[in-house]
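Values below: all heavy atoms of this structure, side chains included; hydrogens, waters and symmetry mates excluded. Order of listing sets the numbers, starting from 1, for every ligand and every atom in it. For clarity, every value in this text was computed on a predicted model and none was experimentally measured.
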Amino acid sequence: MDRIVIVGHSIAGVTCGDTLRRRGFDGELTYVGAEDVPAYPRPSLSKAALHPDPVDIAPLPTFAAATEILGHRAVALEPEAVLLDDGRALPYDGLVIATGSRARRLTDSPREYTLRSLADAEALRARLLERPRVTVIGGGPLGMEVASGAVGLGCEVTLLNPGTPLARHLGPLLGGILASLAAEAGVRILDTVVESVTETAEGMAVTLPSGEVLESDIVFTGIGDDPEVDWLASSGLLVDGRLIVDTRQRVLGHPGIVAAGDVCWLDDPAGPRRSPVWTSALEQGRVAADGLLLGDDAPERDHPFYFWTDQWGVSLKVSGTPPREDVAPVVVKGSVDERSFVIHWPGHGAAAALDMRMPVPRLHKLAASRG
Ligand SMILES: Cc1cc2nc3c(=O)[nH]c(=O)nc-3n(C[C@H](O)[C@H](O)[C@H](O)COP(=O)(O)OP(=O)(O)OC[C@H]3O[C@@H](n4cnc5c(N)ncnc54)[C@H](O)[C@@H]3O)c2cc1C
């Protein structure tokens with residue numbers, strides 16, 4: 001393999017490129033990235049970038065000697081070349097697809113904000129500094145972090161979510177604690193879905209199924225993301241619109257092509273699934289490099305699920321998937337009532353540390369322990 005093209009210049013793509021070089025790949029390596037900035041840690045966009053005291057976001061460290069084509073999108077894939085938006089065709093022997101995903105929106109209004117890129121974060125921060133009334137749609141990790149940032153910047157925030165925010169992601173115990181912290185910080189939380197969102201003369205109107213109409217200056221939508229696969233539409237790589245990879249990140253049925261990170265679906269006996277979190281993108285980038293160079297001899301993907309979030313002045317780290325039903329955890333340190341603890345759920349492969357220092361490998365070990 002002489003020429004490898006990596007499309008997507010963020011954590012999955014950059015980790016894959018670095019790993020290819022570490023494994024001894026000495027051919028031509030080219031990155032294509034739609035954003036005209038050095039790769040950066042996306043999780044900081046809803047944390048450091050919305051902090052009352054602005055914190056510079058350091059670029060991701062990259063080691064691989066490579067050609068970088070930044071500020072250009074891949075627009076199509078031919079059997080042996082990637083086509084760019086300026087008409088260039090980049091031939092490849094090996095291809096890495098790491099184009100991530102884009103935020104879902106509910107309108108085309110400029111008063112509806114989403115958060116996926118550095119440019120989005122700059123625009124959102126600038127608007128929040130004017131202290132608008134904000135309706136946050138979606139109580140997942142992103143909606144809750146943005147609500148926390150908006151409150152910190154002095155905004156009045158209403159958050160809409162069916163059920164307890166974060167409970168679907170983190171289970172009722174952790175979701176309940178973070179939702180309580182949000183309510184104590186002054187967020188009005190409504191247990192509801194949204195019927196429609198429209199722009200008004202002055203701001204935004206969100207209509208609920210109850211008929212109630214909520215008026216605010218802006219809306220922030222945090223209702224999930226869709227993989228960036230439009231440029232692959234006629235490539236033959238997609239199955240029902242999905243880019244599906246095997247346990248070595250190889251695109252099913254397409255030798256010489258791997259994918260990593262938020263863009264891909266992981267083949268699984270229970271059906272394809274995504275794992276759109278930072279450490280998964282990083283690990284998948286590593287596995288993809290081996291999958292491309294070593295084929296069937298490459299190690300399979302095998303990393304524990306890890307997620308963290310910072311909001312309401314606390315930091316939560318989670319290893320594994322906490323039970324979705326109400327299962328009492330074992331408290332290892334601290335106290336659940338005081339919302340400062342290390343806990344685990346024996347038999348569920350999950351552990352969490354809230355407002356406690358805990359090295360991630362130790363959290364994984366605790367999650368795996370049965371006692
Ligand atoms: C605001 C925010 C906060 C987050 N916080 C957390 C957190 O606290 N914890 C956690 O675990 N995870 C968090 N995540 C998720 C995590 O950041 C992602 O899982 C991770 O960034 C995925 O990496 P990736 O390289 O697959 O994709 P991305 O980081 O999305 O990068 C994809 C890159 O490809 C580029 N691209 C797209 N299409 C094209 C194209 N056609 N041609 C060329 N380039 C293209 C994009 O511009 C982008 O630069 C957060 C995500 C966001 C948006």
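Atoms of ligand 1 lying under 4.0 Å from at least one heavy atom of Glu35, given by number and element, are 46 (C), 47 (O), 48 (C), 49 (O). Which parts of ligand 1 touch Lys47 is read off a 4.0 Å heavy-atom cut-off, strictly below it: atoms 5 (N), 6 (C), 7 (C), 8 (O). Atoms of ligand 1 found under 4.0 Å from any heavy atom of Gly261, numbered from 1 in the order shown, are 26 (O). Which parts of ligand 1 touch Leu115 is read off a 4.0 Å heavy-atom cut-off, strictly below it: atoms 1 (C), 53 (C). Close approach of ligand 1 to Val7 is summarised as follows: ligand atoms under 4.0 Å from at least one heavy atom of the residue are 42 (N), 43 (C).
Residue Thr309 places no N or O, backbone or side chain, under 3.5 Å from any N or O of ligand 1. Polar contact with ligand 1: present for Ala12 (N/O pair, distance under 3.5 Å). Not a single N or O atom of Glu228, backbone or side chain, sits closer than 3.5 Å to an N or O atom of ligand 1. Residue Thr279 has no nitrogen or oxygen atom sitting less than 3.5 Å from a nitrogen or oxygen atom of ligand 1, judged on distance alone. For the pair Ala34 and ligand 1, the shortest N or O to N or O distance falls below 3.5 Å. Where the criterion is an N or O separation shorter than 3.5 Å, residue side chain and backbone included, Leu45 fails it with respect to ligand 1.
The protein heavy atom nearest to atom 1 (C) of ligand 1 is Leu142 CD1, 3.5 Å. Looking from atom 37 (C) of ligand 1 to the surrounding protein, the closest heavy atom is Thr99 O, 3.1 Å.
When each of Arg42, Arg116, Arg102 is tested with Asp262 by the rule salt bridge (charged side-chain N to carboxylate O under 4.0 Å, His left out), just one qualifies, namely Arg116.
Put simply, the side chain of Leu181 reaches to within 4.5 Å of the side chain of Arg339, judged on heavy atoms. Proximity of Leu173 to Pro322: side-chain heavy atoms (C-beta onward) are nowhere separated by under 4.5 Å. Within the 4.5 Å cutoff, the side chain of Trp278 has heavy atoms near those of the Pro41 side chain. Between Glu300 and Val287, every side-chain heavy-atom pair lies at or beyond the 4.5 Å cut-off.
Atom OG of Ser148 sits about 11.0 Å away from atom CG of Leu159, to the nearest 0.5 Å. Note that the OG atom of Ser315 and the CG atom of Asp310 stand 4.0 Å from one another [nearest 0.5 Å].
Ala205 approaches Glu215 most closely through the heavy-atom pair CB-OE1, 4.3 Å.
Under a 3.5 Å cut-off, the side chain of Arg168 and the backbone N or O of Gly140 do not form any donor-acceptor pair.
By the criterion of a heavy-atom distance under 4.0 Å, both the backbone and the side chain of Pro43 are placed next to ligand 1. Contacts between Trp231 and ligand 1, counted as non-hydrogen atom pairs separated by less than 4.0 Å, involve the side chain only. Under 4.0 Å from ligand 1, the heavy atoms of Ala98 that appear belong solely to its backbone.
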**Message:** With side-chain hydrogen bond (donor to acceptor under 3.5 Å, both in side chains) as the criterion, how do Thr107 and Glu199 come out once you've worked through the C-alpha distance, each side chain's angles and the decisive distance to 0.1 Å?
**Reply:** CA-CA 8 Å; Thr107 73; Glu199 193 175 301; over 6 Å; no
**Message:** Pair Arg105, Glu112 - check salt bridge (charged side-chain N to carboxylate O under 4.0 Å, His left out), show working.
**Reply:** CA-CA 8 Å; Arg105 303 183 60 85; Glu112 180 191 15; 3.4 Å; yes
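Assignment of Val263 to the shell around ligand 1 is not supported, since no heavy atom sits closer than 4.0 Å.
Considering only non-hydrogen atoms, atom 30 (O) of ligand 1 lies nearest to Arg116 out of Lys317, His72, Arg116. In this structure, of Gly222, Ser46, Gly8, the residue bringing a heavy atom nearest to atom 35 (C) of ligand 1 is Gly8.
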